[in-house]
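In the text below, chain A, chain B and the rest are named by the order of the sequence lines, each starting its count at 1. Because only heavy atoms are used, hydrogens play no part in the values below, and waters and symmetry mates are left out as well, while side chains stay in. Since the structure is predicted, the reported quantities are computational estimates derived from the model, not experimental observations.
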There are 2 protein chains.
Amino acid sequence: MFSKACEYAMRAAVYIAKCSMEGKRVAVKEVAEATDIPEAFASKVLQRLARAGLVDSLRGKKGGFSMSASQQKRSLYEIVTLFEGEAYFNSCVLGLPVCSSQNPCPLHYQVVGLRDALKKSLQQTTIRKAATEVVDAGARLRFSSEDDESH
Amino acid sequence: MFSKACEYAMRAAVYIAKCSMEGKRVAVKEVAEATDIPEAFASKVLQRLARAGLVDSLRGKKGGFSMSASQQKRSLYEIVTLFEGEAYFNSCVLGLPVCSSQNPCPLHYQVVGLRDALKKSLQQTTIRKAATEVVDAGARLRFSSEDDESH
DNA sequence: TCATAAAAGGATATTTTTGTCTTTTTTTAA
DNA sequence: TTAAAAAAAGACAAAAATATCCTTTTATGA
């Protein structure tokens, strides 16, 4: 449904938010392990999130990534559009360059409403809210449980 | 949202259905032109649809593609899963290998319902129905209108 | 039977996505 | 001031998706 980069970005962002809520700055290495992302790729994804202002990064010893309260309030939609582009939610399901109520493709009415609902759902879901699911409901950001990290 | 191959497959299938409803068999060349798909790629996509039994193909002079009444009744969902895989609608939005109500990711409840609705909508939409939209409501399968095909 | 039209199949090319590795810059603290 | 730790940046590699081209097989009709 979404690209790997986008999936990774969401997992990483939620993990960083969770850490920031606990007042902890995290390094790429930890984010990568906690969310099952290849470390070097995680680094690229986080660079992109940082350049977009969705996370803060600090270089050097004791550096790492964090999210301010206002960053935690940004929506998952912002992450998705950063990696998939606005077109993901706006362009024609059949790939036509023009498709609207004026000029619909045969699936326009069929699909547009549902896709808009998905869009709105992601717009209304803050990164912080997703992080809270992890803390409160034990929702996961990686396959294996946090118990068997074995370190 | 969907891959090019999948978009092409849906456009091509709907066009072939429309032609078959008019009792006309069509060649790749015509399908490609009518739906704005690169011809060689259209050929590959149609081969795949044919192997999957979603369209009939006939070689040789007067050959081409067509869809029987029962093929026209197949759903768009079948085309999508042929090109995107079942996983498209079933796997975790965040890309986790395991994600269910037992073991949800932080977006599980948020997104799963909407994606299921999209799935059902595609399952309930037959290729024939989409083709009827084109015939009855003038819905389009390519950018420019059919008037300016200039031939 | 032979030329022609069409799909099928195979090979190849291009672009994008995914993933890795190495070097550089920045910061901290000893 | 220097070693260590961390992100940033750049180069590269591998895989997948997209796209094109060429050959082979099949059917038709003259």
Shortest non-hydrogen contact between A:A9 and A:I79, atoms and distance: CB-CG2, 3.7 Å
Atom pair OG (B:S57) and CZ (B:R59), whose distance is rounded to the nearest 0.5 Å: 8.0 Å
Single hit among B:E33, B:M10, B:E30 for side chain to side chain contact (heavy atoms under 4.5 Å, CB included) with B:Y15: B:E30
Contacts of A:Q71 that satisfy side-chain contact (heavy atoms from CB on, under 4.5 Å) - sequence neighbours left out: A:D56, A:M67, A:S68
Nucleotide interval of DNA chain C bounded by contacts with chain A (heavy-atom cut-off, under 4.0 Å): C:dT18 to C:dT28
Minimal non-hydrogen separation, A:V93 against B:E7, with atom names: O-CG, 3.6 Å
Rounded distance in Å - CD1 (A:I16) to P (D:dA6): 15 Å
A:K4: side-chain hydrogen bond (donor to acceptor under 3.5 Å, both in side chains) partners, not counting sequence neighbours: none
Strand contacts (DNA chain C) in residues 83-94 of chain A, 4.0 angstrom heavy-atom criterion: none
Donor-acceptor contact below 3.5 Å, side chain A:R11 vs main chain A:D36: yes
Protein and nucleotides 16-20 of chain D: nitrogen or oxygen contacts under 3.5 angstrom:
residue : atom : partner : partner atom : Å
D:dT18  : OP1  : B:K4    : N            : 3.0
D:dA19  : OP2  : B:Y8    : OH           : 3.0

Letter per nucleotide, 5' to 3', of nucleotides 23-30 of chain D [B base touched, S only sugar-phosphate touched, - untouched; heavy atoms, 4.0 Å]: --BBBB--
Joint cluster assignment, A:L122 & A:L114, ILVMFWY side-chain distance < 4.5 Å: yes
Within residues 70-96 of chain A or reaching into it, pairs that qualify as salt bridge (charged side-chain N to carboxylate O under 4.0 Å, His left out) - sequence neighbours excluded: A:R74-A:E78
Difference in axis direction between the ends of the helix from C:dT1-D:dA30 to C:dA30-D:dT1, five pairs, 10°: 10°
Worked check of side chain to side chain contact (heavy atoms under 4.5 Å, CB included) between A:K18 and A:L141: CA-CA 11 Å; A:K18 176 183 170 254; A:L141 290 172; 5.5 Å; no
Please tabulate, for side-chain N and O atoms in residues 102-110 of chain B, each donor-acceptor pair with protein atoms closer than 3.5 Å (sequence neighbours left out).
residue : atom : partner : partner atom : Å
B:N103  : OD1  : A:R140  : NE           : 3.3
B:N103  : OD1  : A:R140  : NH1          : 3.4
B:Y109  : OH   : B:S101  : O            : 3.2
B:Q110  : OE1  : A:S121  : OG           : 3.4
B:Q110  : OE1  : A:T125  : OG1          : 2.8

Using a 3.5 Å cut-off and no angle test, enumerate the donor-acceptor pairs between side-chain atoms of residues 37-48 of chain A and protein atoms at least two apart in sequence or in another chain.
residue : atom : partner : partner atom : Å
A:R48   : NH2  : A:L82   : O            : 3.1

Approximate separation, where rounding is to 0.5 Å, of B:L54 CG and B:I127 CD1: 5.5 Å
Pairs flagged by salt bridge (charged side-chain N to carboxylate O under 4.0 Å, His left out) wherever residues 118-133 of chain B is involved - sequence neighbours left out: none
ring-ring contact (aromatic ring centres under 6.0 Å, His included) contacts touching residues 44-101 of chain A (sequence neighbours left out): A:F2-A:Y88, A:Y77-A:F89
Touch class at under 4.0 angstrom, heavy-atom based, for B:R51 against every strand present: sugar-phosphate
